[in-house]
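Please read the structure below before turning to the comments.
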Amino acid sequence: MKHRKLAVGLSALLAGACGGAAAEPAGPAVVAQATISAADTGWMMTATVLVLLMTLPGIALFYAGMVRRRNVLNTMAAVIGIAAVVSLVWFALGYSLAFTPGSPWLGGSSRFGFAGFDHLHEAGTLAVSHIAPRIPESVYAMFQLSFAVITAALVIGAFVERMRFAAVLWFAALWSLVVYVPIAHWVWEPGGWLAQLGALDFAGGSVVHVNAGIAGLVCAYVLGPRRGYGREPFEPYSLAFTMVGAGLLWVGWFGFNAGSALAADGRAGLAMVCTHIAASAGALSWMLGEWAVRRSPSLLGLCSGLVAGLVAITPAAGFVTPGAAALIGAIAGLACYWGATALKRLLRADDSLDVFGVHGIGGLVGSLLTGVFADQRLSGVSGSVVTQALAVGAVALYSAVATALVLWLVRLIVGLRVSEDTEALGLDLGVHRERLGG
Amino acid sequence: MTENERIAIAARLHVALRRKTGRVTDTEWMAANADYAIEVLRFARAHAAEQHDAELAAIADRLEQAMAPIVAAARLRETLLRQGAPGAPASRYVGGLR
């Protein structure tokens, strides 16, 4: 990511100036408004909206289409509830702990409650982040907020149709703070230990997707399977909903990946091209795999494959050529098909909507292949598979342990599962007293 | 007929069988699985005929009517599988979506 390149450059500069002594990266600052790029700011505001569109309504539709009819509204409500809760947590604590200098493990408290986001008209100054100095810090914080929201929303795919609504909200708030925020700091804040190590993650292969995938798998194990799982068919309510959601994800992902260049520049353009090529390759490779194994190409397979391609290109989008992006997407499509079918049977967890199979495996494949295909001519940095593997392993391990702790705490506070009667009745009526029309 | 209505009728048969024969059944599975429902219906009707129990026979008839679409879908799946039709929905969505 551009953050990392900045960190490497800044560290080298300061190390040289200080005779090789270790130097703290600079923190947020107040600058003259004239130093802000209008083009970059405009693009980053657009990218932020695109990423929010991925969650609202992208993920809501994508997931709601795959659950049974009696749980559609609950799934949509969970996505909106999570978006609201995580946004407030990000505002109160999360942004500061993730994206201000502190220790290699966690950021500082200077931006709690978005403090210091000054825009002083008279003085002609405004606050910027040291990570994105050409756009207002308010825009950067909102852009990162949209990432925090979608990461937490992705996890619910593993435990839909059985978790208490209060537990969903508690889980989202605590998980975002305890799991997502530290990992974002490790990888994306220039002083984070994985950033210092040289781990490459352009837009969230490990921070978002490996993290969400592992958390989803842990949730599936801890909550246990839905009643009747493996014995009776769980008919998805509407794969048409899922297709519309997948389409919104595909389009929104341009904000996710090209926005992660943090500028309206050539690297953003490259990331956009790579994103589209990888999504296309992923959709086709999953489809061909399914066609070969099951003798029929399914709509759900195409939708899943495009998401697999998008997930895998996420860590690589600003580091690789379009040709490499096609290969990454194609490999991810097949790997995620295996992850959501054969591997899923081996794991024996009711990861209901295959969060681990698609996001966990796709994020892992993409992160490792970033180490293989990162091209120094494009970004000034080259990749290392060993470093990438270390980063993914550290993220996966921390995510698994911390997610289990969060679930344990939520179980103590409100309990995790709905009653058997509510599950049989459906969470739409049982939890919300609402029914899908028609 | 909604799933909840099927479960309600299956629950009535469950209670009747428990009271009249001592047989314990799985209500939800009865309302979802054609083979299991057919076997429970066979047992209920055999007992109703033996004991001249019109009430039990009537509940069995209602469940048979409610389960007709499920039984028809199960038969279609079996036919498709026998013909080797690709993607026959026999195992579709059991244990996974993809």
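Lettering of chains follows the sequences in order, A, B, ..., and the numbering in each one begins at 1.
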Under 3.5 Å, side-chain donor or acceptor atoms of residues 237-247 of chain A against the rest of the protein: list the pairs with distances, not counting sequence neighbours.
residue, atom, partner, partner atom, Å
Ser238(A), OG, Ala240(A), N, 3.3
Ser238(A), OG, Phe241(A), N, 3.2
Thr242(A), OG1, Phe62(A), O, 3.2

Show me the donor-acceptor pairs within less than 3.5 Å that the side chains of residues 332-347 of chain A make with the rest of the protein, sequence neighbours left out.
residue, atom, partner, partner atom, Å
Thr341(A), OG1, Tyr337(A), O, 2.5
Lys344(A), NZ, Asp351(A), O, 3.0
Lys344(A), NZ, Asp354(A), OD1, 2.7

Proximal to chain A - members of residues 32-53 of chain B, heavy-atom separation under 4.5 Å: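 Under the 4.5 Å heavy-atom cut-off, Ala32(B) qualify.
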Heavy atoms from other residues, nucleotides or ligands near CD of Glu420(A) exceed 12 (cutoff 6.0 Å):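 No - once you tally the heavy atoms of other residues, nucleotides and ligands closer than 6.0 Å, there are 12 at most.
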Does CZ belonging to Arg348(A) count more than 12 external heavy atoms closer than 6.0 Å?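 No, not enclosed.
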Residue pairs passing the salt bridge (Lys or Arg N to Asp or Glu O under 4.0 Å) test where at least one lies in residues 425-436 of chain A, sequence neighbours excluded: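 As it turns out, there is no salt bridge (Lys or Arg N to Asp or Glu O under 4.0 Å) pair with a partner in residues 425-436 of chain A once direct neighbours are skipped.
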CD1/Ile70(B) to CD/Glu232(A) distance, rounded to the nearest 0.5 angstrom?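 Answer for the CD1-CD pair, Ile70(B) versus Glu232(A), is 10.0 Å.
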Taking atom CZ of Arg294(A) and atom CZ of Arg98(B), what is their separation to the nearest 0.5 Å?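 Answer for the CZ-CZ pair, Arg294(A) versus Arg98(B), is 11.0 Å.
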Examine whether an atom of Tyr229(A) lies under 4.5 Å from a heavy atom of chain B, and if so say whether it belongs to the side chain, the backbone or both; otherwise answer neither.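 The side chain, not the backbone.
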Considering all heavy atoms, the nearest Leu353(A)-Leu97(B) contact: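 Minimum heavy-atom separation between Leu353(A) and Leu97(B): CD2-CD1, 3.6 Å.
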I'd like to know if Glu3(B) and Arg70(A) make a salt bridge, using a cut-off of under 4.0 Å between side-chain N and carboxylate O.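 Judged by the 4.0 Å cut-off on N to carboxylate O distance, Glu3(B) and Arg70(A) do form a salt bridge.
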Top contributor to chain B interface from Gly426(A), Gly301(A), Ser304(A), Gly228(A) [non-hydrogen pairs under 4.5 Å]: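 The answer is Ser304(A).
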